[in-house]
Asks: 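Provided herewith is a single structure, encoded as structure tokens, for subsequent inquiry.
Here is how names work: the chains are called A, B, and so on, in the same order as the sequence lines, proteins then strands, and each is numbered from 1. Fair warning: this is a prediction, and the values are worked out from it, not measured in the lab.
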Number of protein chains: 2
Amino acid sequence: MKPTRVTNSIRSLRFAHGQMTQADLANRIGVTRQTVIAIEQGRYSPSLEMAFQIARVFGAALDDVFQYPDSTGETP
Amino acid sequence: MKPTRVTNSIRSLRFAHGQMTQADLANRIGVTRQTVIAIEQGRYSPSLEMAFQIARVFGAALDDVFQYPDSTGETP
DNA sequence: CGGCGAAGTCAAAAAACTTTGACATGATGT
DNA sequence: ACATCATGTCAAAGTTTTTTGACTTCGCCG
């Protein structure tokens with residue numbers, strides 16, 4: 001699988017919102033626990049739709065939850 | 001395919017940036033023309049990574065390029 | 001100790017996204 | 001009229017994301 005360059009603040013946001021568990025978050029956005037785990041760990045970048053749903057649960061903007069590096073210079 | 005609820009302003013942004021063509025945009029973000037067409041028409045929502053690349057080409061924030069409806073009331 | 005909840009791993013199948021290539025249409029220019 | 005460019009459609013193959021289910025680990029409570 002292609003590693004993703006997108007990182008996120010989901011873990012912090014979960015704790016900042018009343019110790020919300022991964023399973024809770026998964027239920028709220030209508031996906032499985034597996035998906036939350038994988039995204040939280042940055043295994044791959046989610047679909048834009050899911051990203052919107054996650055951001056909405058936390059009442060945050062997309063750029064507040066997900067970060068994309070500058071891509072200036074990276075030559076893997 | 002699942003229809004997406006995410007809309008976007010790509011078409012306007014392309015014109016606002018010097019008549020950039022779909023092929024131009026596709027080249028700049030490293031995808032095919034097909035993908036740009038499909039996303040611009042809202043056939044499906046792109047990956048978050050691609051969304052970031054598109055926004056970056058236009059120098060805009062994600063929420064400036066893509067919109068997600070309120071989802072209050074929809075019961076398909 | 002034994003049980004429970006939260007987090008994590010693995011693998012295989014399903015669904016969604018992306019690419020490839022071939023072709024059609026309308027507008028523009030020569 | 002003919003060529004060209006931008007846009008669009010269709011379908012099949014390829015890749016990434018999401019689901020399903022079974023199984024582990026750690027910390028905590030009773």
Asks: What does Thr35(A) touch in the nucleic acid at a heavy-atom separation under 4.0 angstrom: a base, only the sugar-phosphate, or nothing?
Replies: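 Base: the residue Thr35(A), judged by heavy atoms under 4.0 Å, touches a nucleobase.
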Asks: Rounded to the Å, how far apart are Glu40(B) CD and dG8(D) P?
Replies: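 Whole-Å distance recorded here is 6 Å.
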Asks: If you pin Met50(B) and Met20(A) to their nearest nucleotides in DNA chain C, which one's is more 5'?
Replies: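 By nearest-heavy-atom nucleotide position, the 5'-most residue is Met20(A).
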Asks: Looking at Tyr68(B), is its backbone amide N or carbonyl O close enough to the side chain of Arg56(A) to form a donor-acceptor pair, meaning the two atoms are under 3.5 Å apart?
Replies: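 Yes.
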Asks: Whole angstrom is fine here: how far is it from CD in Gln53(B) over to P in dC17(C)?
Replies: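 It is 16 Å, rounded to the nearest whole Å.
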Asks: Choose from dA6(D), dT18(C), dA7(C) the nucleotide whose nearest atom is closest to any side-chain atom of Thr21(B).
Replies: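 Among dA6(D), dT18(C), dA7(C), the one nearest the side chain of Thr21(B) is dA6(D).
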Asks: Which nucleotide in the list dC17(C), dT7(D), dT17(D) gets nearest to the side chain of Gln22(B)?
Replies: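 Looking only at heavy atoms from C-beta outward on Gln22(B), the closest nucleotide is dT7(D).
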Asks: Short question: side chain of Asp63(B), backbone of Ala61(A) - any donor-acceptor pair under 3.5 Å?
Replies: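 Checking the backbone N and O of Ala61(A) against the side chain of Asp63(B), no donor-acceptor pair under 3.5 Å is found.
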Asks: Where the side chain of Thr32(B) is defined as all heavy atoms beyond and including C-beta, which of dT19(C), dT9(C), dG8(D) is the nearest nucleotide?
Replies: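 My answer, after comparing the listed nucleotides, is dT19(C).
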Asks: Once you round it to whole Å, what is the distance between P of dT17(D) and CG of Leu48(A)?
Replies: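 After rounding, the reported distance stands at 13 Å.
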Asks: Rounded to whole angstrom units, what separation is found between the CG atom of Asn8(A) and the P atom of dT17(D)?
Replies: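 Roughly 14 Å, once rounded to whole Å.
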Asks: Tell me which nucleotide among dG8(D), dT19(C), dT18(D) gets nearest to the side chain of Ser47(A).
Replies: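 Within the option list, the nearest is dT18(D).
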Asks: Is the shortest side-chain heavy-atom distance between Ser45(B) and Arg5(B) below 4.5 Å?
Replies: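 Sidechains of Arg5(B) and Ser45(B): no contact.
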Asks: What is the separation between atom CD on Gln41(B) and atom P on dA6(D), rounded to the nearest whole Å?
Replies: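 Rounding to the nearest Å, CD of Gln41(B) and P of dA6(D) are 17 Å apart.
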Asks: Please classify the nucleic acid contact of Arg33(A) as base, sugar-phosphate, or nothing, using heavy-atom distances under 4.0 Å.
Replies: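 The answer is base, as Arg33(A) lies within the cut-off (heavy atoms under 4.0 Å) of a base atom.
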Asks: Tell me: CD1 of Ile10(B) to C1' of dA6(D), nearest whole Å?
Replies: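 Rounded to whole Å, this separation is 16 Å.
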Asks: Rounded to the nearest angstrom, tell me the gap between atom CD in Gln19(B) and atom C1' in dA27(C).
Replies: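 The distance from CD of Gln19(B) to C1' of dA27(C) comes to 14 Å, rounded to the nearest Å.
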Asks: Taking the minimum atom-to-atom distance to the side chain of Gln34(A), which one of dT20(C), dT9(C), dT18(D) wins?
Replies: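 Closest nucleotide to the Gln34(A) side chain: dT9(C).
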Asks: Quickly work out the Arg43(B) CZ to dT19(C) C1' distance and round it to whole Å.
Replies: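 Nearest whole value for this atom pair: 15 Å.
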Asks: I'd like to know if the side chain of Ser9(B) reaches the main chain of Ser12(B), judged simply by a donor and an acceptor atom lying under 3.5 Å from each other, with no hydrogens or angles considered.
Replies: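 Not at all, since once roles are kept as given, no pair shorter than 3.5 Å links the two residues.
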Asks: On DNA chain D, does the nearest nucleotide to Glu49(B) precede the nearest nucleotide to Arg14(B) from the 5' side, or the other way round? Give the residue.
Replies: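 Result: Arg14(B).
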Asks: Taking OP1 and OP2 of dA16(C), is either one under 4.0 Å from a side-chain nitrogen or oxygen of Ser45(B)?
Replies: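 False: Ser45(B) side-chain N/O out of range (4.0 Å or more) of dA16(C) OP1/OP2.
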Asks: Is Glu40(B) paired with Arg14(B) through a side-chain N to carboxylate O contact shorter than 4.0 Å?
Replies: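 So Arg14(B) pairs with Glu40(B) through a salt bridge.
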